[in-house]
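Bear in mind that the values here come from a model prediction, so they are computed numbers and not experimental data.
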Amino acid sequence: MPTIFAHTRDGVLSSTPNSLSFADARGFTGNAIIDTTSPYLDESVATIRFSGRGADTFRISRSFLYFDCTSITVQPASATLKIYIRNTSEDGNIRVIKSTAFGLTTNGASPTDLADTDFDNVDFTTTYSDEVTVSSAGSLSITLTSDALADMVSRDYLGLALVNNPYDYNNTAPTSGANHKT
């Protein structure tokens, strides 16, 4: 299979403000903090817990990418997503899931720029990878699932999100630590 690079419109969205409950941070539908220009972010995929007076608050960050799959006419036997990890801390494991960010809500839709309202355009029921252990900086190869392979051939563009597996994907608020990030 040929190498296909993610489009340069990729980016990171983070729920805001930092005064949200875990449920509100995970299901955030407002205008998220958007970063589409920084090549290296320490919180590209994160569930962050802030301890404060009265109650803990949370911020969640997700990375969004898409790939042009118009040249794929036969379902690939396998595919690997390759990313570079700059840093990780406390339960920074990730999972790749389907996303409709970039306006990719229907097949044939032309991608748009990542919008600050795309944070919740994720499909937690369609996983594009198993949990990926992130233990150190460096290159990371992620084997994509049969769902991703099927979408590569059936959709013009493959939209995906990288999410924190232990907390964001599993819908479980961290009870200890502060920065669960990659």
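- Smallest separation of non-hydrogen atoms from L149 and A77: CD1-O, 3.7 Å.
- Of all heavy-atom pairs spanning R49 and P174, the tightest one is CD-O, 3.2 Å.
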Practice item. Kindly determine whether D156 and N107 satisfy side chain to side chain contact (heavy atoms under 4.5 Å, CB included), including the steps that lead there. Key: CA-CA 6 Å; D156 291 340; N107 189 35; 3.8 Å; yes

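- Remark: L20 CG to S15 OG distance equals 5.5 Å, nearest 0.5 Å.
- Remark: the D116 side chain and the N31 side chain contain an N/O donor-acceptor pair separated by less than 3.5 Å.
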Point to revise | Full working for side chain to side chain contact (heavy atoms under 4.5 Å, CB included) between T143 and V132 | key: CA-CA 9 Å; T143 301; V132 179; over 6 Å; no

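- The minimum heavy-atom distance between R26 and F119, with the atom names listed, is O-CE2, 3.7 Å.
- Relative to the ring axis of Y169, R95 places its NZ or CZ within 45° and under 6.0 Å from the centre.
- When every heavy atom of F64 is checked against every heavy atom of L13, the shortest pair comes out as CE1-CD1, 3.7 Å.
- In terms of heavy-atom proximity, Q75 sits nearest to V153 at N-CG2, 3.6 Å.
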**Study point:** Evaluation steps, side chain to side chain contact (heavy atoms under 4.5 Å, CB included), between V134 and V45
**Key:** CA-CA 11 Å; V134 181; V45 179; over 6 Å; no

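- Atom-to-atom distance recorded for L162:CG and L140:CG is 9.0 Å, nearest 0.5 angstrom.
- Side-chain atoms of D118 come within 3.5 Å of backbone N or O of F102 as a donor-acceptor pair.
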Point to revise | Trace of the salt bridge (Lys or Arg N to Asp or Glu O under 4.0 Å) decision for D147 with K98 | key: CA-CA 9 Å; D147 286 333; K98 183 176 184 173; over 6 Å; no

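- Side-chain atoms of V12 and S14, non-hydrogen and from C-beta on, do get closer than 4.5 Å to each other.
- Exactly one of F28, F22, F50, Y167 qualifies for a ring pair (Phe, Tyr, Trp, His ring centres under 6.0 Å) with F58. That residue is F22.
- Atom CG of L65 sits about 7.0 Å away from atom CG of L81, to the nearest 0.5 Å.
- Atom OG in S71 sits 10.5 Å away from atom CE in M152 (nearest 0.5 Å).
- A donor-acceptor pair under 3.5 Å is absent between the side-chain atoms of S51 and the main chain of D56, judged by distance alone.
- The shortest side-chain heavy-atom distance between V96 and I142 falls under the 4.5 Å cut-off.
- For the residue pair D151/Y128, the side-chain donor-acceptor check at 3.5 Å is satisfied.
- Atom-to-atom distance recorded for N164:CG and I94:CD1 is 9.5 Å, nearest 0.5 angstrom.
- Across every non-hydrogen atom of A161 and V122, the tightest pair is CB-CG1, 3.8 Å.
- With no hydrogens or angles considered, a side-chain donor-acceptor pair links T125 and D123 at under 3.5 Å.
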Point to revise | Verdict with supporting geometry, T145 and T126, side chain to side chain contact (heavy atoms under 4.5 Å, CB included) | key: CA-CA 10 Å; T145 65; T126 305; over 6 Å; no

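- Judged by the 6.0 Å and 45° rule, R155 forms no cation-pi pair with Y66.
- Here the straight-line distance linking atom CD1 of I48 with atom OG of S61 works out to 5.5 Å at 0.5 Å rounding.
- A donor-acceptor contact shorter than 3.5 Å is absent between the side chain of D120 and the backbone of T29.
- With T172 contributing its side chain and N170 its backbone, the two residues share a donor-acceptor pair below 3.5 Å.
- Within the 4.5 Å cutoff, the side chain of N171 has no heavy atoms near those of the F124 side chain.
- The cluster map of Ile, Leu, Val, Met, Phe, Trp and Tyr, joined by side-chain heavy atoms under 4.5 Å apart, puts I85 and L160 in the same cluster.
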